[in-house]
*Asks:* 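Okay, handing you the structure first.
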Amino acid sequence: QSQADRYWPMFNRDLAGTSYSPLKQIDSSNVSKLTKAWQYRFNREGKTMNGLSASELYQEITPIVVNGIMYSPSGDRVVALEAETGKELWSYEVTGGLASFRGAAYWAGDRNNPPRIIFTTGRKMMALNARTGTVDPGFGKEGSVDPEVPFAGGPTVYKNLLFVGGAVP
């Protein structure tokens, strides 16, 4: 398997939206032998947020995995975890709202900018430095953009472009 096969860098895994992993370690002959390797508690307080229960808040979470790091929305946070151990590497507290349940996107960066985790919250799209979890001030206006169209999903990254759907009332 190639290293890229191990990644799940966006919602539905790839630009074709296959939602399919080419990994072959788990199959019908060994799936019954799987055991829990680790767990992570998304709901730290065990309470509701913005009137949503824990089951409503966390049922649609779609993490992404790039370079052995899992990035995930988590209610009022976005977190980075070691994919093999579940160890929290960083946590970003979203102020004034919740991170989109449906995930984030990864942008690999370029010569002048570090890799970014991009997610939506309310009417904003935000970018965090993927290594540190801090707001990336080089994205939009001090780390956020108002797309002017309500959108509650994870954006799609293609090369140096971001795509989002639209919600038309």
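What's counted below: heavy atoms across the whole structure, side chains too, no hydrogens, waters or symmetry copies. Note that the numbering runs from 1 along the sequence shown for the chain. Since we're looking at a predicted model, the values are computed, not measured.
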*Asks:* Within the structure provided, determine whether Lys87 and Thr85 are in side-chain contact (heavy-atom separation under 4.5 Å).
*Replies:* yes
*Asks:* If you measure from the Lys or Arg side-chain nitrogens to the Asp or Glu carboxylate oxygens, is any gap between Glu88 and Arg77 under 4.0 Å?
*Replies:* yes
*Asks:* Of the non-hydrogen atoms in Arg123 and Pro147, which two are nearest, and what is the gap between them?
*Replies:* O-CD, 3.3 Å
*Asks:* Tell me if a side-chain donor or acceptor on Asp110 pairs with a main-chain N or O of Asn113 at a distance below 3.5 Å.
*Replies:* yes
*Asks:* Which heavy-atom pair separates Gly143 from Val135 by the least distance, and what is that distance?
*Replies:* CA-CG1, 3.6 Å
*Asks:* Which value, rounded to the nearest 0.5 Å, describes the distance between Lys33 atom NZ and Ile26 atom CD1?
*Replies:* 13.0 Å
*Asks:* Could you please spell out the steps behind the side-chain contact (heavy atoms from CB on, under 4.5 Å) verdict for Leu81 and Leu89?
*Replies:* CA-CA 5 Å; Leu81 311 171; Leu89 301 173; 5.9 Å; no
*Asks:* Indicate the atoms forming the closest heavy-atom contact of Asn129 with Pro114, along with that distance.
*Replies:* ND2-CG, 3.5 Å
*Asks:* Holding to side-chain hydrogen bond (donor to acceptor under 3.5 Å, both in side chains), I want the full list of residues that pass it with Gln39, two or more places apart in sequence or in another chain.
*Replies:* Lys36
*Asks:* Does either side chain, that of Thr132 or that of Thr134, offer a donor lying less than 3.5 Å from an acceptor on the other one?
*Replies:* yes
*Asks:* Answer whether the closest heavy-atom distance between the side chains of Glu82 and Glu84 falls below 4.5 Å.
*Replies:* no
*Asks:* Suppose we screen for side chain to side chain contact (heavy atoms under 4.5 Å, CB included). Which residues come up paired with Leu162, at least two apart in sequence or across chains?
*Replies:* Ile118, Met125, Phe139, Pro155, Val157
*Asks:* Taking Ser91 for its side chain and Val79 for its backbone only, find out whether a donor-acceptor pair lies under 3.5 Å.
*Replies:* no
*Asks:* Has Asn30 got a side-chain atom pairing as donor or acceptor with Gln25's backbone, closer than 3.5 angstrom?
*Replies:* yes
*Asks:* To the nearest 0.5 angstrom, please state how far the OH atom of Tyr40 sits from the OG atom of Ser74.
*Replies:* 5.5 Å
*Asks:* What closest approach, in Å, do Phe119 and Ala104 show between heavy atoms, and which atom pair accounts for it?
*Replies:* CB-CB, 4.1 Å
*Asks:* Taking all heavy atoms of Ala83 and all of Val65, pick out the closest pair and write down the distance.
*Replies:* CB-CG1, 4.2 Å
*Asks:* Where do Ala99 and Val78 come nearest, in terms of heavy atoms and distance?
*Replies:* CB-CG2, 3.9 Å
*Asks:* Does some side-chain heavy atom of Arg116 sit less than 4.5 Å from a side-chain heavy atom of Leu128?
*Replies:* no
*Asks:* Could you tell me the separation between the OH atom of Tyr71 and the OH atom of Tyr106, rounded to the nearest 0.5 Å?
*Replies:* 5.5 Å
*Asks:* Ignoring hydrogens and angles, state whether a donor on the side chain of Trp107 or Asn160 is under 3.5 Å from an acceptor on the partner side chain.
*Replies:* yes
*Asks:* Measuring only between side-chain heavy atoms, which start at C-beta, is Thr120 closer than 4.5 Å to Met126?
*Replies:* no
*Asks:* Could you give the distance from CD1 (Ile117) to CD1 (Ile64), rounded to the nearest 0.5 Å?
*Replies:* 4.5 Å
